[in-house]
Amino acid sequence: MYIYHYFCSMSIVTTIQKNAAAALSILYNHSFTEKDFQINLTKPEFEGDYTIVMFSLVKSLRLSPEVIGDALGGYLTGNHPELFSSFNIIKGFLNLSITESFWTDLLQSNYSNADFGKQQNNGKKVMVEYSSPNTNKPLHLGHLRNNFLGWSIAEIYKANGYEVIKSCIVNDRGIHICKSMIAWQKYANGATPQSTGIKGDHLVGEYYVRFEDDLKAESQILINKIKLADLSDFSGAELEKLDKILIALTKQDEIKDAEKITKLHEEIKEIARNNTAVIKEAKQMLLDWEKGKPEVIELWKKMNGWVYEGFDITYKRIGSDFDKAYYESNTYLLGKDIVQQGLDKNVFFKKEDGSIWIDLTADGLDEKLVQRKDGTSVYITQDIGLALQKYEEYKIDSSLYVIGNEQNYHMKVLQLICKKLGMPNADNILHLSYGMVELTTGKMKSREGTVVDADDLVDEMIATSQKHTEELGKVKDFTPAELTDLYDTIGLGAMKFYLLRVDPKKTMVFNPEESIDFHGFTGPFVQYTYARIKSILRKEPLVEITTLADADLLKLEKEVIVMLEQYPVALETACTEHNPSVIAMFVFNLAKTFNSFYTEHSIANAETPAKKQLRLQLAVMTANTLKSGMEILGIRVPERM
RNA sequence: GGUCCUGUAGUUCAGUGGAUAGAAUAGAAGUUUCCUAAACUUUAGACACAAGUUCGAUUCUUGUCAGGACCA
């Protein structure tokens, strides 16, 4: 028992590295660090548990891999017989066998510990900002990836000993919400979520779409006129620009570059859109909002209120929650005083026209505008202001932003500016950048109506889990409430697992058919493994036997323990890499390994009482670890399914 | 034009400067008098291309091609 406790603060891999480094410094009087040793699991076709690759040591010691391996293997088994039982060398690989007592002690010391793998409080505080919706339309598939990632990374930080504050910046002001407001005024006849029975965020979203339709129709009229060279609606700089574009387009044959032509058409489109009556209305409304015009503010509050009611329902269903919400309507003026400080510190500089910039060319970026010539601020300014406010309000050690990778540049700029301004903990402004979710048919485009709505998707997943469960007919004795809960658990579990099992930074493809699959590398697979273990444990209570026979661990029994041992490392890796998929892969592999074991060996009818106890402990620890890992992903596990 | 990200099996994803590149799914073939077959077993199938660094490169570097994002 003492062995594991002796090493309990570190993983077996680290332990091997430490011992190997110590051994070689004694053997050859040459100092090594842990990282000089590359440790892998031994391939199944060779004897041993862990393998040290010798090649990297050859150069510094000027000895053959066989000689070093022999000396190191001999030293380790000779001096740490409680840990290393034997070794062999094949080519340049030193294969080490770990003693059985190490594995059985590990199991017995930890099987009932529900917090296995989690770290003690380390006194550090981190804020995780995620979700960050706009209030003009409902949440979609992309938001789901963000929400699941954000919630999970917060749990991962907690498991690693951090205190976590979950925050959300609500983008509740700006031209987008004004668009919904304009269309609602025109077409809604006072319709409300109550009068229509439509969820608030969806209702507001409908009017946003309505606005965009109008905008499209109106701008098309303008585009047609422009293409007939009728520029009577334009003046000033835009007129000049259009002139140029039209001239360029008459020389189309010379350009030949299809991309350039599309670009010119895009520019026409943009100018047309900005000159429609509807967009001018929306812009006027935004100005009125900024001036605090009462009827605009009132409508804004009313419609945002509907959206929040809708969001609350969705957040509750998907399990997102926040300790602190920031509203952009309160924060958009932040950072103005910082601009002045930046000027005083010569971090920023002023151009002749009065606009204020920062020069980031030395860092491989461009010059970046921080305040317009008319004195109004830009996005980055309020972001700096909010970053500072977060620090002052919560005294956080680090600040993690869960934001899509289209903002990589923006975040880099934010980090750099904060650093140059000398803000406290500016090095700890971190960005969990994630890729877009695409469909098998291509990208989601709201204008083409190919956006997958979050509420619809959740409904569909839950309905599918219900269908599957009913077909299997294993839980006919459940009450209606229990059934509803189970369908939620499975449906949401499938969806969360599907979105979290992929490396966040990668663009991922959402396949409707595959995502509702409940077999293989999925949430329900892990949930099912858990439910089966719980079923066994209901029938076979764990009986303590004081003397656990040092029975030979069977191959499959050992494989499960070896997997379990890796959980703390998985938690740590997930945190340092900001990557929940590490946990998803871990729980899947653990479940798979356990299933193989379970099919092959009976727990209830084990060969001896000692074996039975060992296997029950194995089952308990696997269940605890699966539950722990899944909970960190935000996924519940059912006792029965 | 510039910067960044990504190219692995039919498909969706892992992975490592080192031994025969792993899963899942789809395909083929099996397993149910016994702890939940949403499971298990067997089988077939892939590192975009080219140079370079290295004892060794799918991994690191450079270039080409392809896809995506951002900046101008």
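Just so we're on the same page: letters track the sequence lines, and every chain starts at 1.
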Side chains of [X] and [Y], donor plus acceptor under 3.5 Å:
X: A:Ser433; Y: A:Asn408; answer: yes
X: A:Tyr130; Y: A:Asn147; answer: no
X: A:Tyr530; Y: A:Glu639; answer: yes

Would you mind reading off the distance between [X] atom [atom1] and [N] atom [atom2], rounded to a whole angstrom?
X: A:Met436; N: B:rG67; atom1: CE; atom2: P; value: 19 Å
X: A:Glu66; N: B:rA19; atom1: CD; atom2: P; value: 16 Å
X: A:Met54; N: B:rG56; atom1: CE; atom2: C1'; value: 17 Å

Can A:Lys368 be said to sit on top of A:Trp357's aromatic six-ring, NZ or CZ under 6.0 Å from centre and within 45° of the ring axis?
-> no
Categorize [X] for me: base, sugar-phosphate, or nothing, with a 4.0 angstrom heavy-atom threshold over every strand shown.
X: A:Thr529; value: nothing
X: A:Val509; value: sugar-phosphate
X: A:Met641; value: base
X: A:Gln527; value: nothing
X: A:Asn579; value: nothing
X: A:Arg640; value: base
X: A:Asp503; value: sugar-phosphate
X: A:Ser596; value: sugar-phosphate
X: A:Thr51; value: base
X: A:Phe525; value: sugar-phosphate

If I pick the [atom1] atom on [M] and the same atom on [N], what distance separates them, to the nearest angstrom?
N: B:rU58; M: B:rA9; atom1: C1'; value: 14 Å
N: B:rG52; M: B:rU59; atom1: C1'; value: 15 Å
N: B:rU41; M: B:rA57; atom1: P; value: 35 Å

Suppose we define a pair by two distances each less than 3.5 Å, Watson-Crick or G-U wobble; what does [N] pair with here?
N: B:rA66; result: B:rU6
N: B:rA28; result: B:rU42
N: B:rU33; result: none
N: B:rU61; result: B:rA51
N: B:rG1; result: B:rC71
N: B:rU20; result: none

d(A:Leu61 CG, A:Met54 CE) to nearest 0.5 Å is 9.5 Å
In 5'-to-3' order, the base (B), backbone-only (S) or no-contact (-) status of each nucleotide in nucleotides 1-8 of chain B, using a 4.0 angstrom heavy-atom cut-off, is -----SS-
If stacking means aromatic ring centre less than 5.5 angstrom from the base's six-membered ring centre, planes under 30°, is A:Phe521 stacked on B:rA23?
no
Has A:Phe46 got its ring stacked on the base of B:rA19, with centres under 5.5 Å and planes less than 30° apart?
yes
Could you pull out every donor-acceptor pair under 3.5 Å between side chains of residues 64-73 of chain A and any protein atom, sequence neighbours left out?
{"unit_1": "A:Ser64", "atom_1": "OG", "unit_2": "A:Val67", "atom_2": "N", "d": "3.2"}

| said: Can you tell me how the ring of A:Phe510 sits relative to the ring of A:Tyr498, calling it parallel under 30°, perpendicular over 60° and tilted otherwise? | reply: perpendicular
